[in-house]
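Small disclaimer: the values here were computed from a predicted structure and weren't measured. Numbering of residues begins at 1 and proceeds along the displayed sequence.
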Amino acid sequence: MVGLLIGFVPSALSLLSGNTISVNGTAIGGWIGVWVVTFACGLGGFLFGAIWALVLRAIAIASGR
């Protein structure tokens, strides 16, 4: 959820100030660019959390609880 906010708020403000969002050198204009950045940050946050959940579970199993 935090990743979605981190993606949506800055990209929406960037759009409202008249800037074009660039992803890997490709200019994406309008609300499509905002949602692309929002989705990318949300997916990144989800993967980050999933990896850490696996790491912490592996540590818990290895330590014998």
Fill in the blank from the handout: Heavy-atom closest pair (Ala60 atom, Ser63 atom, distance to 0.1 Å) is O-OG, 3.1 Å
Donor-acceptor pairs under 3.5 angstrom involving side-chain atoms of residues 28-43: please list them, not counting sequence neighbours.
from  : atom 1 : to    : atom 2 : distance (Å)
Thr38 : OG1    : Phe8  : N      : 3.4
Thr38 : OG1    : Val34 : O      : 2.8

Check residues 47-56 and write down every donor-acceptor pair under 3.5 Å in which the side-chain atom is one partner and the other belongs to a residue at least two apart or another chain.
none

